[in-house]
Amino acid sequence: LHLTTITLPNSLTAISERMFYKCSSLTTITIPSSVTSIGDWAFAKCENLTAITLPPSVTSIGEEAFSGCVYLSSVNLPNTLTSIGKRAFHNCLNINSLTIPSSVVSIGDEAFSECVSMTSVLIPNSVTEIGHEIFANCHSLHNVVIASDNPVYQLSSTNVGDSERILLIDKRTGHEFEAKGDIILRDPEVRAMFPGGVDSLKKFLFENLEYPPIHGSFQGVVILEFVV
């Protein structure tokens, strides 16, 4: 947690999965030109990392590789990069511009979701695989351009005059899908509440919580996950 800067050896070929996960004090890092891939969650939640330059040897960025790097504002992607994983830059709140290299072929689901400062992006003609909601909750993003000679994707005509949603069309199937839209309501007018309020929620949990069969005293943590 207290690591602030590091220089990696030239013998390193990959930043492996979760290698610097939650190194929240890390501010700078030099990635050697021997590295070819950034693994899943490699820098996730490195909250104080402000800039990253990937060397021209890197070809892939894994799932959630930089997710939660909230102060990351400068990202330089190399012209060797071919794939950007699912939610790779999710919740990078300070990225305001990004150049996707013409070498990139695939962009995973929600790759740039919640990049709320991003204003414009160009998708080059090399990109032939685009996941859903890649710009979800990018509230400042009003200008998405797809290269006119992209063989697979084009912008939907329904985007004209509508900055809240950005729809793409897969030319192969004619299927229209969402690239930008609101998937999370950050400040709703009516807050979500269990029917009857907090007391009813506690009563429901008390009556429905089932413990595994054990003998003697017991204790533990119960984790709940749900979607409102």
>> Does Met118 form a side chain to side chain contact (heavy atoms under 4.5 Å, CB included) with Phe135? I'd like the steps, not just the answer.
In response: CA-CA 9 Å; Met118 186 180 292; Phe135 302 117; 4.3 Å; yes
> Does Tyr71 have any ring pair (Phe, Tyr, Trp, His ring centres under 6.0 Å) partners at least two apart in sequence or in another chain, and if so, which?
Replying inline: none
> Given the rule in the side chain to side chain donor-acceptor pair (under 3.5 Å) test, do Ser34 and Thr13 qualify, once you have shown the distances and angles that lead to the verdict?
Replying inline: CA-CA 5 Å; Ser34 54; Thr13 59; over 6 Å; no
>> Applying a strict under-4.5 Å side-chain criterion to I, L, V, M, F, W and Y, I'd like to know whether Phe43 and Leu3 cluster together.
In response: yes
> Can you tell me if Asn94 uses its side chain to pair, donor with acceptor, with the backbone of Val70 under 3.5 Å?
Replying inline: yes
>> How close do Ala88 and Ile84 get, counting heavy atoms only, and between which atoms?
In response: CB-CG2, 3.7 Å
> Hey, which of Glu110, Glu133, Glu114 is the one that makes side-chain hydrogen bond (donor to acceptor under 3.5 Å, both in side chains) with Arg87?
Replying inline: Glu110
> Atom OG in Ser97, atom CG in Leu141: separation rounded to 0.5 Å?
Replying inline: 11.5 Å
> Between the side chain of Asn125 and the main-chain N/O of Ala147, is any donor-acceptor distance below 3.5 Å?
Replying inline: no
> Between Ile130 and Leu168, does a side chain to side chain contact (heavy atoms under 4.5 Å, CB included) hold up when you go through it step by step?
Replying inline: CA-CA 9 Å; Ile130 296 178; Leu168 305 182; 3.9 Å; yes
> In chain order, what residues pass the side chain to side chain contact (heavy atoms under 4.5 Å, CB included) check against Ser37, with sequence neighbours excluded?
Replying inline: Ala14, Ser60
> Same cluster or not: are Val105 and Leu81 linked, directly or through other Ile, Leu, Val, Met, Phe, Trp or Tyr residues, by side-chain heavy atoms under 4.5 angstrom apart?
Replying inline: no
> Do the side chains of Lys86 and Glu64 get nearer than 4.5 Å, heavy atoms only?
Replying inline: no
> Which heavy-atom pair separates His132 from Asp109 by the least distance, and what is that distance?
Replying inline: N-OD1, 2.9 Å
> Would you say the side-chain atoms of Ser117 pair up with the backbone N or O of Leu93, donor to acceptor, closer than 3.5 Å?
Replying inline: yes
> Under 3.5 Å, is there a donor-acceptor pair between the side chain of Asn150 and the main chain of Val127?
Replying inline: yes
> With respect to Phe66, which candidate in Phe89, Phe112, Tyr21 satisfies the ring-ring contact (aromatic ring centres under 6.0 Å, His included) definition?
Replying inline: Phe89
>> Within this structure, what is the CD1-OG1 distance for the pair Ile123 and Thr128, rounded to the nearest 0.5 Å?
In response: 12.0 Å
>> Taking the basic N atoms (NZ, or NE/NH1/NH2) and the acidic carboxylate oxygens, is any pair closer than 4.0 Å for Arg165 and Glu178?
In response: yes
> Does Thr53 have any side chain to side chain contact (heavy atoms under 4.5 Å, CB included) partners at least two apart in sequence or in another chain, and if so, which?
Replying inline: Asn76
> Do the side-chain N and O atoms of Thr27 and Thr4 include a donor-acceptor pair separated by under 3.5 angstrom?
Replying inline: no
>> Quick one, Val145 and Val121 - any side-chain contact, counting heavy atoms below 4.5 Å?
In response: no
> Which atom names give the shortest non-hydrogen contact between Ser25 and Asn48, and what distance separates them?
Replying inline: CA-ND2, 4.3 Å
> Any sub-3.5 Å donor-acceptor pair from Ser103's side-chain atoms to Asn79's backbone N or O?
Replying inline: yes
>> Pair Ile52, Ile29 - check side chain to side chain contact (heavy atoms under 4.5 Å, CB included), show working.
In response: CA-CA 7 Å; Ile52 191 79; Ile29 186 168; 3.6 Å; yes
> Do Leu77 and Thr99 come close enough that some side-chain heavy atom pair is under 4.5 Å?
Replying inline: no
>> As an exercise, state the distance from OG1 of Thr7 to CD1 of Ile31, rounded to the nearest 0.5 Å.
In response: 11.0 Å
>> For Val58, run the side chain to side chain contact (heavy atoms under 4.5 Å, CB included) check against Ile15, Thr82, Ile38, Thr36 and tell me which one passes.
In response: Ile38
> Can you name the closest pair of heavy atoms from Pro32 and Thr30 and give their distance?
Replying inline: CD-O, 3.6 Å
>> I need the minimum non-hydrogen distance between Pro101 and Pro124, along with the two atoms involved.
In response: O-CG, 3.4 Å
> Can you hop from Ile61 to Leu8 via hydrophobic side chains spaced under 4.5 Å?
Replying inline: yes
>> Can you tell me how far apart OG (Ser24) and CG (Leu49) are? Round to the nearest 0.5 Å.
In response: 11.5 Å
> How close do Leu72 and Ile95 get, heavy atom to heavy atom, and via which atoms?
Replying inline: O-CG1, 3.2 Å
>> Pair Leu155, Ile169 - check side chain to side chain contact (heavy atoms under 4.5 Å, CB included), show working.
In response: CA-CA 6 Å; Leu155 283 170; Ile169 296 175; over 6 Å; no
> Is there a path of hydrophobic side-chain contacts, each under 4.5 Å between heavy atoms of I, L, V, M, F, W or Y residues, that connects Ile6 with Leu54?
Replying inline: yes
> Would you find more than 12 non-hydrogen atoms of other residues, nucleotides or ligands less than 6.0 Å from Lys171 atom NZ?
Replying inline: yes
> Rounded to the nearest 0.5 Å, what separation is found between the NZ atom of Lys180 and the CG atom of Leu167?
Replying inline: 11.0 Å
>> Measuring from atom OG of Ser83 to atom CD of Glu129, what distance do you get when rounded to the nearest 0.5 angstrom?
In response: 9.0 Å
>> Are the side chains of Asn137 and Ser113 in contact, using a 4.5 Å heavy-atom criterion?
In response: no
>> What I want to check is whether the side chains of Glu176 and Ser156 have a donor and an acceptor closer together than 3.5 Å.
In response: yes
> Is Thr80 reaching over with its side chain to a backbone N or O of Pro56, donor-acceptor style, under 3.5 angstrom?
Replying inline: yes
>> Keeping Ser140 on the side-chain end and Thr119 on the backbone end, is there a donor-acceptor pair under 3.5 Å?
In response: no
> Do Tyr153 and Arg172 come within less than 4.5 Å of each other through their side chains, counting heavy atoms only?
Replying inline: yes
>> When you measure from the side chain of Lys45 to the backbone of Ser67, do you find a donor-acceptor pair of N or O atoms at a distance under 3.5 Å?
In response: no
